[in-house]
A.B. asks: 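Encoded as structure tokens, here's the structure I'll be asking about.
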2 protein chains.
Amino acid sequence: MSTPGYELPLRLLLGFRAIVDELHAELAAQGHPDLRPMHGFVFQAIGPDGTTAAELGRRLGVSKQAAGKTVEHLERLGYVTRVGDPADARRKVVRLTDRGLDALARSAQGFDRIRERWERTLGADRLAAVEEGLRTMTPDGHFPLDVPGWFANL
Amino acid sequence: MSTPGYELPLRLLLGFRAIVDELHAELAAQGHPDLRPMHGFVFQAIGPDGTTAAELGRRLGVSKQAAGKTVEHLERLGYVTRVGDPADARRKVVRLTDRGLDALARSAQGFDRIRERWERTLGADRLAAVEEGLRTMTPDGHFPLDVPGWFANL
DNA sequence: CTAGGATGGTCAACGAGGTTGTCCATATAG
DNA sequence: CTATATGGACAACCTCGTTGACCATCCTAG
């Protein structure tokens with residue numbers, strides 16, 4: 001009786017979830033209790049130069065209205081601001097605030113800490129084997145940002 | 001420059017997504033277009049002998065009401081039936097129909113096929129290293145069904 | 001045998017977050 | 001200048017998970 005095929009995707013999901021849950025517990029303890037898993041993808045999609053709600057919706061794989069609601073929510077939480085574009089009166093550019101940048105930095109540090117914990121538990125070689133195997137089996141290059149839209153249909 | 005910590009969860013998610021998308025495409029082409037990715041895990045949780053909605057909720061980590069709604073939905077799609085338990089008039093046992101068993105069998109075969117493809121690409125030992133590492137780092141026992149809500153809400 | 005607690009199922013209200021449809025303001029191409 | 005495309009906002013609706021409440025049924029301790 002070999003390993004059943006369903007175990008692999010299940011473990012992948014559980015691993016992702018375990019890391020994300022741990023990260024958000026850290027973030028909550030560091031002054032970001034309202035951040036949710038999808039917000040990291042939203043911050044990445046906004047990018048350093050900011051973007052519009054419509055463009056954000058395209059990047060995230062959701063409608064512009066849904067993106068607009070998310071932006072409004074993050075604005076209430078103080079993570080983003082919307083400023084009018086002098087070059088185009090229709091556009092309202094969404095930008096990360098200092099608080100948003102702080103959350104982004106803490107997320108990066110948190111992911112590094114969690115990886116170090118995996119490394120201590122598994123050992124450097126076994127963790128490297130996992131990462132190397134996943135690197136081989138998953139597409140390289142740009143990480144897709146349409147995760148929120150994809151997750152909704154799960 | 002060592003591996004950034006954010007790569008691991010991203011690769012885990014990408015791997016999960018790749019497998020699930022591939023299986024979903026197969027199932028849709030085999031007469032199960034309404035089956036959504038997480039339903040396979042629900043079928044696994046129901047098991048060959050059937051269960052109650054309350055027990056299903058416990059196994060999936062959601063409320064009994066949510067499990068009941070999922071059962072109702074799967075019942076409309078023809079994948080499960082609910083039959084009264086003669087030994088306990090409170091219980092309504094959820095069982096897989098022939099269609100449900102067919103979907104379960106095709107899912108299992110699909111997952112196995114995809115795992116074999118990973119094994120051919122990575123080699124048996126490297127795939128085993130990935131699975132073993134994930135097995136070490138992820139908790140046993142729960143097939144989380146609340147994934148969409150988890151991703152958006154917490 | 002009965003009283004009290006635990007368990008299973010269902011109904012109702014709510015919230016988060018997504019969707020489509022519509023409308024208006026503004027840009028831009030022909 | 002006009003026609004089309006785009007960005008933003010509003011409204012109605014859907015899906016799905018949650019909690020709270022309620023009732024029927026089982027089980028166990030007196």
Side-chain angles (χ1 to χ4, degrees), chain A residues 17 21 24 33-42 45-46 49-77 79-95 145-154, chain B residues 34-39 41-42 45-46 49-77 79-95 142-154:
Chain A
R17 184 167 176 159
D21 281 346
H24 282 269
D34 296 321
L35 277 185
R36 291 162 292 146
M38 70 172 296
H39 289 156
F41 290 94
V42 177
I46 291 174
D49 298 328
T51 185
T52 65
E55 174 59 25
L56 193 58
R58 280 190 289 270
R59 293 183 187 171
L60 296 174
V62 299
S63 65
K64 62 178 181 177
Q65 293 89 337
K69 288 185 186 180
T70 300
V71 167
E72 192 181 351
H73 184 56
L74 287 174
E75 193 175 26
R76 274 200 305 272
L77 293 176
Y79 289 102
V80 304
T81 49
R82 277 182 291 191
V83 297
D85 183 346
D88 186 338
R90 294 170 306 175
R91 289 162 51 92
K92 291 187 179 174
V93 179
V94 180
R95 289 186 197 285
L145 292 171
D146 63 333
V147 177
W150 183 79
F151 252 112
N153 299 330
L154 220 71
Chain B
D34 293 324
L35 216 47
R36 296 184 333 173
M38 292 314 287
H39 287 159
F41 294 131
V42 179
I46 291 174
D49 298 329
T51 355
T52 64
E55 174 60 24
L56 193 57
R58 266 178 244 118
R59 293 182 188 173
L60 297 173
V62 299
S63 65
K64 63 179 181 178
Q65 294 90 333
K69 289 184 184 180
T70 300
V71 167
E72 192 181 350
H73 184 234
L74 288 174
E75 194 175 24
R76 276 200 304 272
L77 292 176
Y79 288 104
V80 304
T81 50
R82 277 183 290 190
V83 297
D85 183 345
D88 187 338
R90 295 170 306 176
R91 290 162 49 93
K92 290 187 180 176
V93 180
V94 180
R95 286 185 199 286
H142 264 205
F143 292 176
L145 180 71
D146 62 332
V147 176
W150 161 80
F151 187 72
N153 281 343
L154 189 91

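Being a predicted model, the structure only gives us computed values, none of them experimental. Residue numbers begin at 1 in each chain, while the letters A, B, ... track the order of the sequences.
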A.B. asks: Rounding to an integer number of Å, can you tell me how far B:Leu56 CG sits from C:dG8 P?
C.D. replies: 12 Å
A.B. asks: Rounded off to whole Å, could you give me the CZ-to-C1' distance for the B:Arg36 and D:dG17 pair?
C.D. replies: 12 Å
A.B. asks: Under the side-chain contact (heavy atoms from CB on, under 4.5 Å) test, which residues partner A:Glu55, sequence neighbours left out?
C.D. replies: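 A:Glu55: side-chain contact (heavy atoms from CB on, under 4.5 Å) contacts with A:Thr51, A:Thr52, A:Arg58, A:Arg59.
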A.B. asks: Heavy atoms from C-beta onward define the side chain here; which of C:dT19, C:dA13, D:dG8 lies closest to that of A:Ser63?
C.D. replies: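 Selected nucleotide (nearest to the side chain): C:dT19.
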A.B. asks: Can you check whether A:Arg82 has a side-chain N or O nearer than 4.0 Å to OP1 or OP2 of D:dG7?
C.D. replies: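 A:Arg82 to D:dG7 OP1/OP2: no side-chain N or O under 4.0 Å.
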A.B. asks: Starting at NZ of B:Lys92 and ending at P of D:dC23, how long is that distance when rounded to a whole Å?
C.D. replies: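 About 17 Å, once rounded to whole Å.
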A.B. asks: Is the phosphate of D:dG17 approached by B:Thr70 (side-chain N or O, under 4.0 Å from OP1 or OP2)?
C.D. replies: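 It does, given that an N or O in the side chain of B:Thr70 lies less than 4.0 Å from OP1 or OP2 of D:dG17.
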A.B. asks: Name all residues meeting the side chain to side chain donor-acceptor pair (under 3.5 Å) criterion together with A:Arg82; count only those two or more places apart in sequence or in a different chain, and write none if there are none.
C.D. replies: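 Checked A:Arg82 against side chain to side chain donor-acceptor pair (under 3.5 Å); matches are A:Glu75.
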A.B. asks: Using 0.5 Å steps for rounding, measure from the CG atom of A:Leu35 to the CG atom of A:Leu74.
C.D. replies: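 Reported value, rounded in 0.5 Å steps: 8.0 Å.
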A.B. asks: Can you check the A:Lys69 NZ to D:dC14 P distance for me, whole Å?
C.D. replies: 14 Å
A.B. asks: Enumerate donor-acceptor pairs with a distance under 3.5 Å from any side-chain N or O in residues 85-93 of chain A to protein atoms, sequence neighbours excluded.
C.D. replies:
residue : atom : partner : partner atom : Å
A:Asp85 : OD1  : A:Ala87 : N            : 2.8
A:Asp85 : OD2  : A:Arg91 : NE           : 2.9
A:Asp88 : OD1  : A:Arg90 : N            : 3.0
A:Asp88 : OD1  : A:Arg90 : NE           : 3.2
A:Asp88 : OD2  : A:Arg90 : NH2          : 3.0

A.B. asks: Heavy atoms under 4.0 Å, any strand shown: does A:Ala66 hit a base, just sugar-phosphate, or nothing?
C.D. replies: base
A.B. asks: Check whether any side-chain N or O of B:Arg95 sits under 3.5 Å from a backbone N or O of B:Asp49 as a donor-acceptor pair, and report yes or no.
C.D. replies: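 Yes, B:Arg95 side chain to B:Asp49 backbone: donor-acceptor pair under 3.5 Å.
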A.B. asks: Hey, is the side chain of A:Arg91 poking within less than 4.0 Å of OP1 or OP2 on D:dA9, counting only N and O atoms?
C.D. replies: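 Indeed not, no polar side-chain atom of A:Arg91 lies that close.
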A.B. asks: Does the protein touch nucleotides 22-30 of chain C at the base, only the backbone, or not at all? Give it as B, S and - per nucleotide, heavy atoms under 4.0 Å.
C.D. replies: ---BBS---
A.B. asks: Distance-only criterion, 3.5 Å: show the donor-acceptor pairs between side-chain atoms of residues 61-72 of chain A and protein atoms not counting sequence neighbours.
C.D. replies:
residue : atom : partner : partner atom : Å
A:Ser63 : OG   : A:Ala66 : N            : 3.2
A:Thr70 : OG1  : A:Ala66 : O            : 3.2

A.B. asks: Would you kindly give the CZ-to-C1' distance between A:Arg76 and C:dA16, to the nearest whole Å?
C.D. replies: 11 Å
A.B. asks: In whole Å, I'd like the distance from the CD atom of A:Glu72 to the C1' atom of D:dA11.
C.D. replies: 14 Å
A.B. asks: Check side chain to side chain donor-acceptor pair (under 3.5 Å) between A:Arg76 and all other residues, then give those that pass, not counting sequence neighbours.
C.D. replies: A:His73
